[in-house]
Amino acid sequence: MDTIVDLRSDTVTRPTAGMREAMATADVGDDVYGEDPAVNALEAEVAALFGHEAALFAPSGSMANQIALQLVVPPGHELLCDADAHVVTYEIGAAAAYGGISSRTWPAVGGDVDPDMVAAMVRPDGYWAVPTRAIAVEQTHNRGGGGVLPLRTLQALRRVADEAGVALHCDGARIWHAHVADGVPLAEYGALFDTLSVCLSKGLGAPVGSLVIGSAEQIERARFIRKRMGGGMRQAGILAAAGRYALAHHVPRLAEDHAKAARLAEAIAPFGLLATTVRTNIVPLDLTKASLDAHALAAAARAEGVLVSVLGPRTARLVTHMDVDDAGIDRAIAVLTRILAG
Ligand SMILES: Cc1ncc(COP(=O)(O)O)c(C=O)c1O
């Protein structure tokens, strides 16, 4: 069989030769002492990109989100987010388990958000109900099919947060994709949020690494929370060097991944299975009306060397990334259209 075409996630990429070289030659130190030059440089670069005072390197996007949530929501207070948000879908109850945070969700509508509905959900301080302390959004939205929240929606949410006196957090694991798709400068996104988490290992090709972004005071507290969560790393500059390389070389090329996803979507569109308009690198499939379910599709595709993600009994997902080239997309189109045509 030809090589596998892995469309399960953009987390499956392997470091490129240039990235490995950068990692091998990184100047490192003990980051728990704050002495790793590569980590310090990455943190300063990312804070500057988003126009914030400081940033903190973390081992994963989940930990970066959870550190940020603990910064903005005290125990016994609540976070509002959508029901499909990564923070309440894939982070294994961490907000409650580590932060004593109560989460309340609005119904997921793909990547979209209605700011008025969110405003109506906010609960004020008082001893009779759990007070809201933060609102979280995801840009781009993973289970929302890589949807990009428009700038005007985010601006409206900022107004909602300001009027309610609560924080606005962005799970920006793929904010790079939104930046490339909509052309919004990263600093313009940054200015709208109290805290952000961003990932270097989704789409950008780094093997590990995320950052929490916020004010200098927040990041000082974040360092303490990260240590408590077991996320203090020593010569982490080896990893930070991969992240710095990814930021320097792999952001504009995300447009190629978006084009590959659009090509996949175009080929699959005649089957009437696209759950939403494809804007970035995620192609969500709604198999409700298909002759086969998500497990059957994944098994049939796997037998022909194409890997897809099963998100639910009738929901599947294809994700494009730097380790699948145009020939791989051609193969995936041939295999998937043949299976779907039954
Ligand atoms: C939107 C979003 N946020 C956070 C994460 C968590 O990242 P990690 O797997 O590094 O914990 C992911 C992972 O895919 C994600 O898609």
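Counting starts at 1 for both ligands and their atoms, following the listed order. As a basis for the values below, the full set of heavy atoms in this structure was taken, side chains included, without hydrogen atoms, waters or symmetry mates.
With a 4.0 Å cut-off on non-hydrogen atoms, Ala173 touches ligand 1 through its side chain and not its backbone. Residue-level proximity to ligand 1 for Asn65 is carried by the side chain, the only part with a heavy atom below 4.0 angstrom. With a 4.0 Å heavy-atom cut-off, ligand 1 is reached by the side chain of Glu138 but not by its N, CA, C or O.
Taking only nitrogen or oxygen atoms, main chain and side chain alike, Ser201 does not reach within less than 3.5 Å of ligand 1. Taking only nitrogen or oxygen atoms, main chain and side chain alike, Thr11 does not reach within less than 3.5 Å of ligand 1.
Between Thr105 and Asp82 the shortest side-chain heavy-atom distance does not fall below 4.5 Å. Residues Leu56 and Leu211 are not in side-chain contact: their nearest non-hydrogen atoms beyond the backbone lie 4.5 Å or more apart.
Taking a cut-off of under 4.0 Å to the non-hydrogen atoms of Ser62, the atoms of ligand 1 that pass are 6 (C), 7 (O), 8 (P), 11 (O). If you number the atoms of ligand 1 from 1 as listed, the ones under 4.0 Å from a heavy atom of Asp171 come out as 1 (C), 2 (C), 3 (N), 4 (C). The Gly61 neighbourhood of ligand 1 comprises atoms 6 (C), 7 (O), 8 (P), 10 (O), 11 (O), with distances under 4.0 Å to a heavy atom of that residue. Heavy-atom proximity to Ser60, at under 4.0 Å, picks out these atoms of ligand 1: 10 (O), 11 (O).
Salt bridge Arg226/Asp31: present, at least one basic N to carboxylate O contact under 4.0 Å. Salt bridge annotation for Asp330-Arg263: present, with a cationic side-chain nitrogen under 4.0 angstrom from a carboxylate oxygen. Salt bridge annotation for Arg221-Glu217: present, with a cationic side-chain nitrogen under 4.0 angstrom from a carboxylate oxygen.
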Arg104 vs Arg123, side chain to side chain contact (heavy atoms under 4.5 Å, CB included): CA-CA, chis, key distance, verdict: CA-CA 11 Å; Arg104 194 154 51 93; Arg123 287 182 177 145; 3.2 Å; yes
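Which of Met63, Arg143, Gln139, Lys202 comes nearest to atom 14 (O) of ligand 1 through a heavy atom is settled by distance: it is Lys202. Of the listed residues (Glu91, His141, His86), the one carrying the non-hydrogen atom nearest atom 2 (C) of ligand 1 is His86.
His86 and Tyr90 have tilted rings, their planes meeting at an angle from 30° to 60° on a 0 to 90° scale.
Other residues sharing a hydrophobic cluster with Tyr33 under the 4.5 Å side-chain heavy-atom criterion for ILVMFWY residues do not exist; the residue is a singleton.
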